[in-house]
Amino acid sequence: MTRAGPRSGRSAGCREITELVTDYLEGALSAERRRRFEAHLAGCAECSLHLEQMRATIRALGCLGAYGIPDRVLRRLCGAFLGSGTPPVAEGGQ
């Protein structure tokens with residue numbers, strides 16, 4: 001794979017990896033897309049590191065579950081991800 005230089009940002013292949021990492025981890029990629037994904041990883045240390053960071057995040061946070069998150073925090077998180085415009089509030093209501 002051709003890599004982008006440090007000033008030109010990430011290559012198109014790297015951007016695709018970033019977009020597909022969740023589908024890859026969930027086993028939702030087609031066989032051909034998975035093959036291309038893994039071929040890119042084999043030649044790209046940066047994307048391999050990104051994948052390992054995602055796996056570590058899932059391991060670290062996977063034990064929380066939705067029931068461990070207070071309702072008001074869950075609503076704010078959902079609002080932030082969905083763009084509701086609800087500003088985050090510090091713990092303690094400040």
Which pairs, with at least one residue in residues 53-63 and sequence neighbours excluded, count as a salt bridge (charged side-chain N to carboxylate O under 4.0 Å, His left out)?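 Applying salt bridge (charged side-chain N to carboxylate O under 4.0 Å, His left out) to every pair that reaches into residues 53-63, excluding sequence neighbours, yields Glu52-Arg55.
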Salt bridge (charged side-chain N to carboxylate O under 4.0 Å, His left out): pairs with one or both residues in residues 17-31, sequence neighbours excluded: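 Not a single pair qualifies under salt bridge (charged side-chain N to carboxylate O under 4.0 Å, His left out).
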Listed partners of [X] passing side-chain contact (heavy atoms from CB on, under 4.5 Å), at least two apart:
X	answer
Glu32	Ser30, Arg35, Arg36
Leu49	Gln53
Arg34	Tyr24, Leu29, Glu38

CE/Met54 to CG/Leu25 distance, rounded to the nearest 0.5 angstrom?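 Between atom CE of Met54 and atom CG of Leu25 there are 6.5 Å.
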What's the spacing between Ile58 CD1 and Thr22 OG1 if we round to 0.5 Å? 7.0 Å
Non-hydrogen atoms of Phe37 and Ile17 that approach each other most closely: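 Residues Phe37 and Ile17, closest heavy atoms: CD1-CD1, 3.4 Å.
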Less than 4.5 Å apart, any side-chain heavy atom of His40 and any of Cys47?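 Yes, their side chains come closer than 4.5 Å.
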